[in-house]
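Residue numbers begin at 1 in each chain, while the letters A, B, ... track the order of the sequences. Everything numeric here is computed off the predicted structure, so don't read it as measured data.
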Amino acid sequence: MPELPEVETTRRKIEPLLRGRVIASVEHDAPHKYRDTHLAVGRRVQGLSRRGKYLMLQLASADAAEDDLHDLEFIVHLGMTGGFRLDSGPHTRVTLTLEPDGAGDSQQLFFHDPRRFGKMAVVRPGEYAGMPTLAAMGPEPLSEDFIEGDFVRLAREAGAVKPWLLSQKPVSGVGNIYADESLWQAQIHPAQTRLTAAEGQRLYTAIREVMAQAVDAGGSSLGNGVGNYRQHDGLSGLFQHEHHVYGRAGQPCPRCGTDIVKTVLAQRGTHFCPKCQVFEERPRS
DNA sequence: ACAAGATCCTGAACGC
DNA sequence: TGCGTTCAGGATCTTG
């Protein structure tokens with residue numbers, strides 16, 4: 001469920017609750033999904049960062065100064081349905097308890113994850129063996145590391161463009177919703193292979209624009225389904241109101257009025273405009 | 001090397 | 001109302 005905009009929104013919202021606090025306990029079952037969390041106990045959260053759809057809490061010793069380097073990373077992946085909440089509930093999978101800070105701030109944060117696809121692990125900084133997607137993560141779409149020329153060059157050799165984006169290798173953080181939205185904006189068919197330079201440039205720009213707008217809107221919250229993304233305080237994102245194709249099968253394309261089509265590509269629901277996004281056969285030469 | 005499929009899970013929505 | 005089927009925003013491992 002959560003893609004870059006939802007994970008970034010989560011980061012911004014929970015960082016003030018965690019920064020500077022010492023972790024008193026991390027309680028959960030299913031240790032294979034939440035690895036080495038005991039290493040976080042007694043450590044201070046120096047800050048929260050994000051890579052693609054992964055959140056990482058920087059941990060240092062409890063007596064570390066504010067600007068000391070962290071020596072552990074507490075990595076969180078929200079999976080399809082994970083999110084942090086201020087209250088526990090039937091789908092609470094992990095309970096994070098903080099040492100009192102004397103300011104009366106909340107002492108617990110609950111990781112809620114109905115489908116249990118979320119994962120956590122405490123590792124030494126940068127040690128991402130066992131997390132191949134994170135280890136091979138492409139550049140952040142909203143950073144200076146995301147370079148148009150590099151992206152266009154890679155896209156010329158790529159297979160079907162949507163699965164290629166979902167691999168997280170050409171660029172990080174793009175999931176099913178934002179892949180469909182970016183491809184619609186760039187007017188490229190989701191199954192198109194071997195993008196032209198013009199297509200690659202349009203897609204590069206579209207990804208940056210769509211991601212920036214979605215982050216500004218606090219991400220997308222969809223329907224009432226099990227995977228409905230919510231912020232820790234129960235608030236919804238607003239970007240679902242800006243969707244042009246995702247979840248709009250049978251409704252008119254905002255650009256040309258043709259009915260939006262939904263198909264399945266790489267086992268993912270895929271929405272596009274059959275008139276604006278035309279597939280062209282481009283065999284490997 | 002790459003693509004396609006199966007797998008991990010649960011619950012909401014839909015059809016009969 | 002009740003039951004079975006289908007579907008869901010992701011990552012990863014196996015198979016071809």
Original post:
Within the pair His32(A) and dC8(B), is there a side-chain N or O less than 4.0 Å away from OP1 or OP2?
Top reply: no
**OP:** Quote, to the nearest angstrom, the C1' distance that separates dA3(B) from dG9(C).
**Re:** 22 Å
**OP:** Using only heavy-atom distances, decide whether a donor-acceptor pair under 3.5 angstrom links the side-chain of Arg115(A) to the base of dC9(B).
**Re:** yes
Original post:
Could you state the CD1-P distance from Ile75(A) to dA11(C), rounded to the nearest angstrom?
Top reply: 14 Å
**OP:** In whole angstrom, give the distance that lies between atom CD of Glu242(A) and atom C1' of dG9(C).
**Re:** 18 Å
Original post:
Has Phe117(A) got its ring stacked on dA11(C), by the test of a centre gap below 5.5 Å and a plane angle below 30°?
Top reply: no
**OP:** May I ask you to check whether His243(A) and Ser220(A) show a side-chain donor-acceptor distance below 3.5 Å?
**Re:** yes
Original post:
Just wondering, do Ile75(A) and Leu55(A) contact through their side chains at under 4.5 Å, heavy atoms?
Top reply: no
Subject >> Sugar-phosphate, base or nothing in reach of Gln267(A), heavy atoms under 4.0 Å >> reply: base
**OP:** Answer yes or no: does a side-chain N or O of His77(A) lie under 4.0 Å from OP1 or OP2 of dA11(C)?
**Re:** yes
Original post:
Heavy atoms under 4.0 Å, any strand shown: does Pro163(A) hit a base, just sugar-phosphate, or nothing?
Top reply: nothing
Original post:
Taking atom types as they are modelled, is there a donor-acceptor pair under 3.5 Å from the base of dA8(C) to the side chain of Arg268(A)?
Top reply: no
Subject >> Distance below 4.0 Å between Arg116(A) side-chain N/O and dT10(B) OP1 or OP2 >> reply: yes
Original post:
Is Tyr54(A) touching bases, backbone alone, or none of the nucleic acid, heavy atoms closer than 4.0 Å?
Top reply: sugar-phosphate
Original post:
When you compare dC7(C) with dG5(B), how far apart are their P atoms, in angstrom units rounded to a whole number?
Top reply: 15 Å
Original post:
Any idea which heavy atoms bring His189(A) and Gln277(A) closest together, and the distance?
Top reply: CD2-O, 3.3 Å
**OP:** Grab the NZ-C1' distance between Lys53(A) and dA11(C) for me, whole Å please.
**Re:** 9 Å
**OP:** State, without any angle test, whether Lys262(A) and Thr270(A) hold a side-chain donor-acceptor pair at a distance under 3.5 Å.
**Re:** no
Subject >> Watson-Crick/G-U partner (both atom distances under 3.5 Å) of dC9(B) >> reply: none
Original post:
Using atom P of each nucleotide, how far apart are dG4(C) and dC9(B) to the nearest Å?
Top reply: 22 Å
Original post:
Would you say a side-chain N or O of Lys33(A) is under 4.0 Å from OP1 or OP2 of dC8(B)?
Top reply: no
**OP:** With heavy atoms under 4.0 Å as the rule, sort Tyr178(A) into base, sugar-phosphate or nothing.
**Re:** nothing
Subject >> Side chains of Tyr204(A) and Val171(A) in contact at under 4.5 Å (non-hydrogen atoms) >> reply: no
**OP:** Could you check how far NE2 of His112(A) sits from P of dC9(B), rounded to whole Å?
**Re:** 18 Å
Original post:
How long is the line joining NZ of Lys119(A) and P of dA11(C), in whole Å?
Top reply: 9 Å
**OP:** State, yes or no, whether a side-chain contact exists between Cys256(A) and Cys273(A) at a heavy-atom distance under 4.5 Å.
**Re:** yes
**OP:** Return the value, rounded to whole Å, for the distance between atom CG of Leu265(A) and atom P of dC2(B).
**Re:** 17 Å
Subject >> Between dT10(B) (P) and Leu78(A) (CG): distance, integer Å >> reply: 18 Å
**OP:** Find the partner of dG9(C): check Watson-Crick (N1-N3 plus N6-O4 or O6-N4) and G-U wobble (N1-O2, O6-N3) distances, both under 3.5 Å, and reply none if neither fits.
**Re:** none
**OP:** Starting at atom CG of Asp113(A), determine the distance to atom P of dG11(B), rounded to an integer number of angstrom.
**Re:** 11 Å
Original post:
Is the phosphate of dA1(B), meaning OP1 or OP2, less than 4.0 Å from a side-chain N or O of Lys169(A)?
Top reply: no
